[in-house]
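Here's the structure, in structure tokens; my notes come after.
By convention here, the first residue in the shown sequence is residue 1. Every value quoted in this text rests on a predicted model; they were computed, and no experiment measured them. Atom set for the values below is all heavy atoms of this structure, side chains included, hydrogens, waters and symmetry mates excluded.
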Amino acid sequence: MGELMSGQNRPSSCADEGLVVVTPKRQIPTVRLRRLAAELRRLRNGSELTREDVTNRTGINEATLYRIETARVRPQRRTLVALLDLYEVRDPHRGEVLALLQGANKQGWLRPYHSELPEEYTAYISFESEAWEVRNYESLFVPGLLQTEDYARAVIRGTLPMATAEAVEQRVQARVERKYVLTKDDPLRLWAITDEAALRRLVGGRKVMREQLEHLARVIQEPHVTLQAIPFSAGAHAGMPGSFVLMGFADAEDPEIVYLDSMAGDLFLEAEIDVRRYGVMFDNLRAQALSPDGTLSLITELIGDML
């Protein structure tokens, strides 16, 4: 998921300080950083202040405030304290907000080399590692968390023909490591739906695809993993325009996220209307798909055809 290349860091000037600084790479969002940003927006709106008002009263740059409120950067503690003072936030709520700041940089399982991966992909990995449940629809691929290493390599090579061998292996390794969320002590609840076409397409050849199908037959026996296939006989369905992921989190304060990955770019949606729309779409696809047992029967049949 999410294979776009991020931009390079570039210098920017600070005329009021007479300095030239290098703009740091954008903060990779985490659930805690996103929650902090949402809380600061809520506090400002509750105080009936515009961003311009906050800038005039605190001296915090308006562009910086925008980046803080959209989870693009992690605020410094003194900046957060100034905002909490302005919004007249008192304990215990004040302590809770400051605690969010302390945990805002926790990146789950991101490895050092992941800094070389596209920014949107590392953001997706970070959210996925903190999610409680994922609902994933894929029209053309086996869902990423259920892919074998050889299948993932064949997919990445095929969809990124201009990528170097090193870049391909970085993405393969990241995809393989992502699967830890299904084996940790409190595993992710995964409900995946894919089109029958994804199960029949010989990605990587017959051997690779047979091993992929055998892996699916094993992993979907786990109680926290559900897989359904939409059969060809279902005809046209709501998922045909493209894939999507819905991520839910254990804490009710963390709203669900929709992730869209396409050739035009990656997109995260968190507006309630968008989350509801994709949730309804997923339910529609679930109703049209084969049951989990029916899907297993289809996979078993396809494995037999490849022997």
Please report the shortest heavy-atom distance between [X] and [Y], naming the atom on each side.
X	Y	result
Ala217	Ile299	CB-CG2, 4.2 Å
Thr295	Gln228	OG1-CA, 3.3 Å
Leu40	Glu69	O-OE2, 4.0 Å
Glu256	Gly248	CG-CA, 3.9 Å
Ala163	Val168	CB-CG2, 3.9 Å

If hydrophobic clusters are built from ILVMFWY residues whose side chains come within less than 4.5 Å, do [X] and [Y] share one?
X	Y	answer
Met240	Ile230	no
Leu145	Tyr180	yes
Val280	Val258	no
Leu140	Leu290	yes
Leu49	Tyr66	no

Legend entry - Ion pair check, Arg153 and Asp150, cut-off under 4.0 Å: yes

Inset, instruction - Answer yes or no: is there an ion pair linking Arg201 with Asp195, defined by an N-O contact shorter than 4.0 Å? - result: no

Measuring from atom [atom1] of [X] to atom [atom2] of [Y], what distance do you get when rounded to the nearest 0.5 angstrom?
X	Y	atom1	atom2	result
Gln221	Leu216	CD	CG	11.0 Å
Thr226	His224	OG1	NE2	9.5 Å
Leu36	Leu80	CG	CG	6.0 Å
Arg178	Ser129	CZ	OG	10.5 Å
Tyr278	Arg135	OH	CZ	13.0 Å
Leu43	Leu83	CG	CG	9.0 Å

Legend entry - Any donor-acceptor N or O pair under 3.5 Å, side chains Gln173, Glu177: yes

Inset, instruction - Indicate yes or no: at least one non-hydrogen side-chain atom of Leu269 is less than 4.5 angstrom from one of Leu260. - result: yes

Legend entry - Residue pair Glu138, Ser243: steps toward the side-chain hydrogen bond (donor to acceptor under 3.5 Å, both in side chains) verdict: CA-CA 5 Å; Glu138 294 290 342; Ser243 305; 2.9 Å; yes

Legend entry - Close aromatic pair by centroid cut-off 6.0 Å: Phe127 and Phe268: yes

Inset, instruction - Give the C-alpha distance, both sets of side-chain angles, the deciding distance and a yes or no for side-chain hydrogen bond (donor to acceptor under 3.5 Å, both in side chains) between Gln147 and Arg175. - result: CA-CA 8 Å; Gln147 293 178 7; Arg175 193 161 298 187; 3.1 Å; yes

Legend entry - For Leu202, side chain to side chain contact (heavy atoms under 4.5 Å, CB included) partners two or more places apart: Arg206, Met209, Met306

Inset, instruction - Only counting residues at least two apart or in another chain, list the ones meeting ring-ring contact (aromatic ring centres under 6.0 Å, His included) with Tyr87. - result: none

Inset, instruction - If the plane angle is over 60° it's perpendicular, under 30° parallel, otherwise tilted; pick one for Phe244 and Phe282. - result: perpendicular

Inset, instruction - Show your working on side-chain hydrogen bond (donor to acceptor under 3.5 Å, both in side chains) between His215 and Glu149 and close with a plain yes or no. - result: CA-CA 11 Å; His215 173 70; Glu149 182 173 342; over 6 Å; no

